[in-house]
Amino acid sequence: MKNDNRSNILFRYGFIVVVILIFSAMIVVKLCDTTIVDADKWNAKAHEWLSQTKVIVPSRGNILAADGSVLATNLNFYTARIDYRAEKFNEKMLRDTIEHLAAELAKNFPMRNAEQWRKHLLKPLDKEKNKRPRAYKLMSGLSHADMELLRTMPFFSIKNRNRNGLTFEKYMRRFNPYGDMARRSIGGVGETTESKEIHGISGLEKALDSLLYGKIGYSKMINLTKKITDWTDVPAVPGSDIVTTIDINMQDIVENELNNVLDTCGADWGVAVLMDVKTGDIKAISNLERNPRGAGYIEARNRAVMGYEPGSVVKTLSMMIAVEDGIVTNLDEMLPTGNGWAYAGGRPITDAHYSSAIRVGDVIEQSSNIGMARIITKEYDSKPGEFYSRVKRLGFLEPLHTGIAGEVPPRFDSVPNDRGGRIALSRMSYGYATEIPPLYTLAIYNAIANDGEFVRPRLVKELRGTIDSILPVKHIGNGRACSKETAKIMREMLTNVVWGDHGTGKFLRNNTVKIAGKTGTCYMIENGAYNTGKKRLAFCGFFPAEKPQYSCVVLTCHPTKNFFGAATTSGQVLRNIALKLYSRGMLGNSSDYNETTAEVNGPTFYATPGNKRYENLRTELSLPSRRGLKSPEAVSQGIPNVKGYGIRDAIVALERAGYNVSITGTGFVRSQSPSAGTKAPAGTEVALNLGN
């Protein structure tokens with residue numbers, strides 16, 4: 001019996017030894033096959049793998065405001081997922097803590113209430129274990145602080161990831177801290193169809209993409225003594241930071257004033273651009289259109305660089321040329337007008353308000369189509385094509401290269417020297433039969449405000465990267481639109497538009513900031529014909545008129561209620577912008593206004609005894625009287641008090657304290673939730689409600 005057992009044991013051992021020997025032989029054969037017979041094939045594969053080049057995507061540059069505030073940057077965000085089939089997933093603990101967990105999620109991530117979170121988390125548990133999801137989406141768009149907060153909550157606080165299944169996917173997203181502020185001018189990014197790389201698709205992001213994108217790097221795998229590792233052959237060069245000319249405070253003012261007037265008059269869309277007279281720096285640019293999916297207005301196409309028939313605002317260009325070239329030498333000369341003038345046998349040119357004759361010096365003030373046409377045709381009647389050449393010599397038809405994507409130059413036709421050309425010339429002289437982007441119109445008015453110096457509007461003033469570069473102020477054409485003497489005469493004419501007895505902009509008079517500029521009205525073309533029921537209303541000018549600091553152009557399309565004139569719509573936007581800048585001490589004046597004494601719905605204005613410049617300011621801005629907020633009081637613990645703060649100061653204060661911020665509205669902090677002093681964990685979202 002013992003011998004039989006021994007035989008069985010030896011047989012088993014022998015069988016195992018034979019199996020091991022067979023496997024060993026197979027390994028040796030395969031080893032010889034790999035290292036000797038097929039060595040060349042495997043060496044070729046290894047060489048191919050090691051010689052593969054990987055692309056290193058550079059970090060995209062930031063877009064900054066003039067003061068360094070970030071307008072667009074790259075931020076890491078996270079998507080939270082749960083693996084319900086994790087090896088040691090603790091289903092019992094999840095069910096035991098679900099009520100507490102759901103309440104915490106609802107408190108910190110209120111896109112769902114507690115009951116909805118509970119159902120969302122338990123839903124996968126209804127399935128069989130082998131059919132439960134391995135990457136169940138909890139939520140996305142989480143910041144790093146959100147991610148850390150999530151890890152402190154019940155069940156998710158388990159450090160062993162196999163027990164709670166919680167994982168995070170990191171991704172990078174272009175982020176605009178100020179939301180829609182100047183969004184169309186800043187632009188956006190997206191994947192290209194050719195390479196799936198992220199590049200600019202609109203605005204500055206597109207126009208300056210080559211600078212923002214940087215230079216691609218390359219890496220490959222190399223065989224070291226102990227391991228194969230990734231080796232950088234050519235390092236990626238990060239994109240340059242672009243410093244824009246945008247002033248955040250001015251941008252906020254311009255957007256609010258444009259929005260307020262558009263809402264009051266029920267216009268389809270509007271655009272406003274504010275520019276520094278001396279440098280051409282675009283301090284603010286806003287494009288708003290009626291929201292097609294709801295109430296209010298949203299950021300629209302960048303119409304500041306799109307061509308439109310300008311209407312009477314272009315009379316300033318015609319008159320400037322006439323004065324500069326000596327076509328106009330006597331401002332007291334009388335021009336016959338009457339109720340119509342059929343120049344060259346064409347359709348009679350008419351004026352909205354006419355008399356038998358008009359003084360040359362009053363043509364701009366009264367916006368006379370007939371007067372302007374008579375002045376220009378006097379010189380160019382026999383050579384209408386020369387007017388185009390004169391405009392071109394100014395540099396007015398050159399691309400501005402502002403950095404705004406989609407920019408188009410003016411369409412100013414070179415007309416033939418015949419009857420048709422003569423008729424076209426007369427129409428072009430007062431703003432029809434041509435297309436001019438608002439930004440080009442603004443450049444002419446800015447030159448007049450700047451003693452004739454023709455600076456180029458710009459949205460970029462500095463590049464920061466491997467080589468920092470401050471961009472110099474550039475000029476249009478030869479750098480002069482006209483002489484200082486001509487500029488002075490034109491400033492007086494434009495001042496009379498607002499302050500003259502018969503000026504078309506008398507509505508804009510105020511005792512605080514003297515405004516000069518020109519109204520413009522143009523019928524819209526639909527189906528190849530002018531629709532007299534729809535108008536584009538423009539106002540372009542500068543302020544203070546006596547010593548211009550800023551120029552501004554506003555265009556309003558098809559108002560439907562309350563206000564229907566160029567001065568009461570577009571002009572009102574410019575006037576309110578000027579008054580707001582003055583109230584905040586931005587026109588070189590002293591002001592008692594500061595961000596921590598902002599009112600609930602507007603800044604506080606203080607009447608200075610004996611100084612009437614302040615007394616009518618509130619009436620001129622159409623602001624009701626409101627009680628100003630007290631300066632924010634410090635809190636010793638909990639959420640800081642930021643009521644009355646500006647948006648930037650509020651964000652800085654809250655983020656330094658470890659809280660996240662969500663913002664509704666624009667202007668200054670009217671209320672905050674949770675309230676100041678509330679004890680809340682780091683990462684809690686504080687909702688701010690803003691208003692002017």
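All residue numbers refer to positions in the sequence shown, counting from 1. Quantities reported herein were computed from a predicted structural model and do not represent experimental measurements.
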Closest heavy-atom contact between [X] and [Y]?
X: R491; Y: I448; value: NH1-O, 2.9 Å
X: V415; Y: A424; value: CG1-CB, 3.6 Å
X: G371; Y: T337; value: N-CG2, 4.4 Å
X: P457; Y: L400; value: CD-CD2, 4.0 Å
X: F563; Y: C265; value: O-CB, 3.8 Å
X: V314; Y: I436; value: CG2-CD1, 3.6 Å

>> What verdict does the side-chain contact (heavy atoms from CB on, under 4.5 Å) test give for V277 and Q549, after you've listed the backbone C-alpha separation in whole Å, the side-chain angles of each residue and the deciding distance to 0.1 Å?
In response: CA-CA 5 Å; V277 165; Q549 295 181 46; 5.6 Å; no
N/O donor-acceptor pair under 3.5 Å between [X] side chain and [Y] backbone:
X: N291; Y: Y297; result: no
X: S570; Y: L537; result: yes
X: R536; Y: T521; result: no
X: S429; Y: S426; result: yes
X: R422; Y: N417; result: no
X: T569; Y: G565; result: yes
X: E309; Y: A433; result: yes
X: N62; Y: L64; result: no
X: D276; Y: K278; result: yes
X: R347; Y: A342; result: no

>> Let's go through M490 and T316 carefully: what are the C-alpha distance in whole Å and the side-chain angles of both, what is the deciding distance for side-chain contact (heavy atoms from CB on, under 4.5 Å) to 0.1 Å, and is it a yes or a no?
In response: CA-CA 8 Å; M490 294 305 303; T316 301; 3.8 Å; yes
> Do I321 and L394 pass the side-chain contact (heavy atoms from CB on, under 4.5 Å) test, and can you show the C-alpha distance, the side-chain angles, and the key distance before you say yes or no?
Replying inline: CA-CA 9 Å; I321 291 173; L394 280 175; 4.3 Å; yes
> Angle class for the F543/Y550 ring planes (parallel below 30°, perpendicular above 60°, tilted otherwise)?
Replying inline: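 Ring orientation of F543 relative to Y550: tilted.
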Just verifying a value: how many Å separate [X] [atom1] and [Y] [atom2], rounded to the nearest 0.5 Å?
X: R374; Y: N369; atom1: CZ; atom2: CG; value: 13.0 Å
X: D67; Y: T244; atom1: CG; atom2: OG1; value: 9.0 Å
X: M493; Y: M319; atom1: CE; atom2: CE; value: 4.5 Å
X: I285; Y: L439; atom1: CD1; atom2: CG; value: 6.5 Å
X: L211; Y: D241; atom1: CG; atom2: CG; value: 11.0 Å
X: I577; Y: N256; atom1: CD1; atom2: CG; value: 10.0 Å

> Do D268 and R290 pass the salt bridge (Lys or Arg N to Asp or Glu O under 4.0 Å) test, and can you show the C-alpha distance, the side-chain angles, and the key distance before you say yes or no?
Replying inline: CA-CA 6 Å; D268 287 346; R290 194 187 301 275; 3.7 Å; yes
> Does the separation of the ring centres of F412 and Y388 fall below 6.0 angstrom?
Replying inline: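 They do not qualify: ring centres at least 6.0 Å apart.
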> Do W269 and Y308 have their ring centres less than 6.0 Å from each other?
Replying inline: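 Here the rings of Y308 and W269 have centres that are less than 6.0 Å from each other.
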Between [X] and [Y], do the side chains contain an N or O donor and an N or O acceptor separated by less than 3.5 Å?
X: S483; Y: T486; value: yes
X: S368; Y: D351; value: yes
X: D381; Y: Y343; value: yes
X: E365; Y: H502; value: no
X: T245; Y: D281; value: no
X: S367; Y: T504; value: no
X: E407; Y: T402; value: yes

> Can you list the residues that meet the salt bridge (charged side-chain N to carboxylate O under 4.0 Å, His left out) rule with R427, with sequence neighbours excluded?
Replying inline: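 Result, salt bridge (charged side-chain N to carboxylate O under 4.0 Å, His left out) vs R427: none returned.
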Please tell me if the side chains of [X] and [Y] come closer than 4.5 Å, counting only heavy atoms from C-beta onward.
X: V254; Y: D252; answer: no
X: V363; Y: K315; answer: no
X: E462; Y: S469; answer: no
X: P437; Y: R303; answer: no
X: K534; Y: C557; answer: no
X: I186; Y: I246; answer: no
X: L335; Y: I375; answer: yes
X: V313; Y: Y445; answer: yes

Would you call [X] and [Y] a salt bridge, using N to O less than 4.0 angstrom?
X: R301; Y: E289; result: no
X: R174; Y: E205; result: yes
X: R60; Y: D209; result: yes
X: R480; Y: E453; result: no
X: D451; Y: K484; result: no

> Hey, mind stepping through L494 and I364 against side-chain contact (heavy atoms from CB on, under 4.5 Å) and telling me if it holds?
Replying inline: CA-CA 7 Å; L494 293 171; I364 295 296; 4.0 Å; yes
>> With salt bridge (Lys or Arg N to Asp or Glu O under 4.0 Å) as the rule and sequence neighbours excluded, what pairs involving residues 355-364 come up?
In response: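 For residues 355-364: D332-R359, R359-D362.
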> Regarding K514 and the six-membered ring of W499, is the cationic atom NZ or CZ under 6.0 Å from the ring centre and inside 45° of its axis?
Replying inline: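 Yes, K514 sits over the ring of W499.
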> Among R456, K392, K474, R393, which residue meets the salt bridge (Lys or Arg N to Asp or Glu O under 4.0 Å) test with E398?
Replying inline: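 For E398, the salt bridge (Lys or Arg N to Asp or Glu O under 4.0 Å) check succeeds only for R456.
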>> Out of the candidates V513, V554, N510, only one should pair with R575 under the side-chain contact (heavy atoms from CB on, under 4.5 Å) rule; please name it.
In response: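 Of all the options given, the one that passes is N510.
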